[in-house]
Amino acid sequence: MGRMLDPSLPDAVLPPRFQSWFDGRGWRLRDHQRAVLEAARAEASALLVAPTGGGKTLAGFLPSLVELSERPKNQRSLHTLYVSPLKALAVDIERNLKTPIEEIGLDIQVEARTGDTKSSVRQRQRTRPPDILLTTPEQIALLLAHPSAEDLFSGLRCVVLDELHALRGSKRGDLLSLDLARLWTLAPALRTVGLSATVADPLPLRRYLVPQPEEGSAEAALIEGKGGVRPDVRVMTGEDRIPWSGHSGRHAFGAVYEAIKGATTTLVFTNTRSQAEVCFQELWKLNEDSLPIALHHGSLERAQRERVEAAMQAGGLRAIVCTATLDMGIDWGAVDLVICLGAPKGASRLVQRIGRANHRMDEPSRALLVPANRFEVLECVAAKEAVDAGLLDGEGAKPGALDVLCQHIWGMACAEPFHPDHLYREVTSAAPYAGLPREVFDRALDFVATGGYAMKAYDRYRRIVRQPDGRMRIRDPRTAQLYRLNAGTIVEMPVYNVRIGRLGGTDGKPGRARPGRKLGTMEEWFTSQLTPGDTFLFAGEVLRFEGIQETDVLVTKSRSDEVKIPSWQGSKFPLSSFLSARVRDIVNDPARWGQLPAQVQEWLHLQRRKSYVPKPDELLIETFERAEKFHLVCYPFDGRIAHQSLGTLLTRRLERAGMQPLGFCPTEYALSVWMRRDPSGLDMDALFDEDMLGDDLDDWLADAQLMKRTFRNCAIIAGMIERNHPGQEKSGRQVSFSAGLIYDVLREHEPDHILLQAAWNDAAAGFLDIRRLGALLSRIQGHLVLKPLAHVSPLAVPVMMEAGRETIIGGANEAILAELQEELLSEMMA
DNA sequence: GACCTGCTGCGGGATG
């Protein structure tokens with residue numbers, strides 16, 4: 001492998017001690033490792049893009065190890081900072097780095113620092129740091145917001161940023177970029193190494209890694225590791241009937257079990273926690289061979305998850321059913337099959353998940369995609385094609401979040417007084433904030449100093465004050481303490497603890513129960529649907545709901561078969577634009593239908609006969625009457641979030657047009673709206689005009705609850721509202737109430753408040769997906785195809801099922817749904 | 001016999 005090495009080079013790159021360590025293991029320096037060393041020698045920052053495995057982490061650390069080995073004795077100071085999005089990775093790397101350090105015989109200290117590190121150790125690390133510190137973005141922010149920051153970091157030579165693709169573009173990534181900017185100020189000799197999975201466009205990552213100049217832009221060197229073997233991806237299309245709707249993949253559990261039996265170790269990825277619970281439960285029912293299969297998701301108690309991870313590490317498991325919790329993390333060499341249950345949602349996410357299998361360079365990772373319904377078959381096929389062609393989702397760079405900027409300004413004042421001009425220049429050296437106008441920075445600064453003019457009367461919002469010399473300093477030590485309690489960008493929903501126990505005390509007398517072992521957490525809204533005696537699935541067990549005591553949901557184990565499926569309200573996994581365009585391409589092009597399973601082909605052919613198959617960039621709009629209601633169904637294939645926004649805005653227009661709309665239902669692929677009047681005579685071009693993104697949108701948002709929730713997150717991150725902390729008597733509801741109050745006050749009295757702007761930006765990028773909706777509307781202008789029908793069309797059946805599920809009172813009543821499906825299918829065939 | 005939706009990540013520190 002590799003190119004011929006220049007015989008004059010090797011000595012210059014790797015010192016003899018290192019070379020013989022490589023030799024002793026039968027390793028050769030890989031090309032990308034050499035390139036990182038050469039970049040470091042030239043004092044250049046670099047982005048290393050490579051698939052998992054292949055010594056990427058070692059490549060990031062090699063230059064630091066070499067430099068530290070050449071350092072004069074007795075000179076110890078923080079040399080290299082490693083940042084990972086996961087605490088577990090920091091701890092794992094600590095273990096892994098110690099091997100080469102010991103074996104080469106280097107005098108280098110390595111320590112991890114996370115929220116789990118003992119506070120005495122954290123304190124000591126400020127004054128006597130190790131040579132290499134392994135940590136998280138939040139910890140760096142905390143270290144920087146301390147008077148000791150300058151001493152600690154002034155000698156820093158290198159920052160290694162692991163899994164950078166997973167941080168960039170998020171608020172955590174924004175926070176980290178601002179911290180980098182401060183580090184560049186404190187340690188001008190600093191270079192960075194970014195480690196990233198393969199991305200569609202590395203440029204934003206390369207910019208992220210170096211200080212941006214006032215004019216133009218700068219980027220780190222790009223080093224591309226050799227791609228491994230293309231993964232072997234298959235889409236499961238058995239003989240079974242492919243469901244018309246639903247997302248559980250239940251019809252395929254038998255085949256999933258067989259696949260697990262046929263592999264050494266399998267990761268079964270699901271898209272939701274409830275899907276993971278259901279899948280796990282059903283696999284155990286099928287598990288005649290008693291295979292050790294485990295469950296892992298984010299609402300399970302941490303200790304339980306750690307037991308599963310340890311069992312995996314020890315080779316004791318055949319499969320784990322999991323959610324995105326295992327998208328990243330410690331490599332498990334034994335995994336040789338990845339199953340993705342349900343729609344893959346995006347090519348990059350899929351590649352990341354597939355990469356969890358088989359880290360040997362010369363063998364392909366094996367992956368099996370299991371579509372749960374007909375539309376998902378299209379999505380799985382589109383995703384497989386993208387992976388086969390080596391294509392990924394492109395994600396544009398978006399400007400840094402303003403609430404994060406406010407938090408950072410506050411933190412910087414905790415370290416030492418700053419001059420606004422200097423801090424502005426520093427902040428704009430961070431790539432996400434390179435385009436930040438001074439005027440916006442000044443408003444953020446003013447917010448940290450006063451809360452904004454609507455809040456000026458409230459003393460508690462005054463966090464920094466101006467000194468006579470023009471510099472800003474923290475107001476008092478308490479305010480600095482408050483910063484430390486509120487640092488970070490992750491905001492959680494208030495949750496209940498699920499614990500074993502009964503109401504009424506252990507001895508049967510009334511009184512306080514002593515709750516037992518904690519199994520995990522559940523959200524208030526699901527809890528509120530339970531009445532004592534109900535049974536539900538959680539942590540892989542059937543539990544009986546006993547009652548609520550304070551923030552504990554008390555449960556006992558049960559053997560009931562009548563189980564409710566718990567659900568959580570996480571933010572929505574968006575279907576990537578890239579993948580939705582590819583799904584459209586398949587549907588639009590009958591020449592490509594041959595690769596689809598027979599049932600799906602028949603479905604599309606039937607659609608062509610009974611209604612219409614749109615051409616690229618056309619939007620098909622069907623109307624038909626059913627059960628005394630008129631339905632309008634359109635198929636943008638643009639993801640549920642954009643369809644949700646479109647549905648809201650269309651409904652408002654239909655209302656004005658006198659159609660008396662009754663409801664709408666978005667799916668990933670389509671949108672249905674139903675109403676009392678027949679819409680087929682409407683001017684569709686006017687209905688779908690781009691101008692709906694103007695006043696209609698503003699009207700709707702004015703009183704949208706979602707907007708308040710978004711604002712709450714921004715207000716917490718910016719430090720306007722305190723987080724919940726153990727010991728503080730402030731429930732989640734009280735926090736959101738006060739956030740709602742502040743939101744209303746600001747909307748009325750200070751509509752240009754920085755946090756309203758921050759919330760609007762979040763909403764536009766998040767629950768509204770404005771960019772996507774805008775692209776959708778402009779794509780279809782002049783390409784609407786209206787098809788008034790007598791009956792429901794084949795494409796519409798799954799959408800109608802989805803709508804039926806949501807509108808049937810009392811949740812999904814199976815008998816009614818089955819009946820609905822029968823009716824729809826016979827009407828469709830009519 | 002179907003059918004059950006929405007992810008993850010982190011987190012004071014000085015003093016007794």
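Quantities reported herein were computed from a predicted structural model and do not represent experimental measurements.
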Hey, does A/Q352 reach any base, or is it just sugar-phosphate, or nothing, if we go heavy atoms under 4.0 Å? nothing
Just compare B/dT5, B/dC10, B/dC4 and give me whichever is closest to any side-chain atom of A/S274. B/dT5
Under 4.0 Å between any heavy atoms, over every strand shown, what does A/L142 touch: base, sugar-phosphate, or nothing? Just pick one. sugar-phosphate
Choose from B/dA14, B/dC10, B/dG13 the nucleotide whose nearest atom is closest to any side-chain atom of A/H146. B/dA14
Minimum-distance nucleotide to A/R126 side chain [options: B/dG13, B/dT8, B/dT5]: B/dG13
For the side chain of A/R250, counting heavy atoms from C-beta on, which of B/dC7, B/dC3, B/dA14 is nearest? B/dC3
Please examine the side chains of A/M522 and A/F536, heavy atoms only from C-beta on, and report whether any two atoms are closer than 4.5 Å. yes
Give the nucleotide from the list B/dT5, B/dT15, B/dC10 with an atom nearest to the side chain of A/T272. B/dT5
Have a look at A/I490 and say if it touches a base, only the backbone sugar-phosphate, or nothing, with a 4.0 Å heavy-atom cut-off. base
Do any side-chain nitrogens or oxygens of A/R302 fall under 4.0 Å of OP1 or OP2 in B/dC10? yes
Taking the six-membered ring for Trp, are A/Y496 and A/W525 ring centroids under 6.0 Å apart? no
Below 4.0 angstrom from OP1 or OP2 of B/dC7, is there any side-chain N or O of A/R273? yes
Regarding B/dC10, can its base be found pairing with the side chain of A/E492 as donor and acceptor, where the two atoms are less than 3.5 Å apart? yes
Taking B/dG9, B/dT5, B/dG1 as options, the one with an atom nearest any side-chain atom of A/L86 is B/dG9
Among the nucleotides B/dT8, B/dG11, B/dC4, which one has an atom lying closest to any side-chain atom of A/S248? B/dC4
Closest to the A/R172 side chain: B/dC7, B/dT5, B/dC10? B/dC10
Using a cut-off of strictly less than 4.0 Å, decide whether A/Q821 has a side-chain nitrogen or oxygen near OP1 or OP2 of B/dC3. no
Using only side-chain N and O atoms of A/R305, determine if any of them is under 4.0 Å from OP1 or OP2 of B/dT8. no
Rounded to whole Å, please give me the gap between CD1 in A/I716 and P in B/dC10. 18 Å
Measure across A/T135 and A/Q139 and return the closest heavy-atom pair with its distance rounded to 0.1 Å. OG1-CB, 2.9 Å
Compare the minimum distances between each of B/dG9, B/dC7, B/dC10 and the side chain of A/W568, then state the nucleotide with the smallest one. B/dC7
Respond yes when some side-chain nitrogen or oxygen of A/T136 is under 4.0 Å from OP1 or OP2 of B/dC10, and no when none is. no
Nearest to side-chain heavy atoms of A/E822, which nucleotide of B/dG1, B/dG13, B/dC4: B/dG1
Given DNA chain B, 5'-ward residue of the pair A/W525 and A/A88, judged by closest heavy atom: A/W525
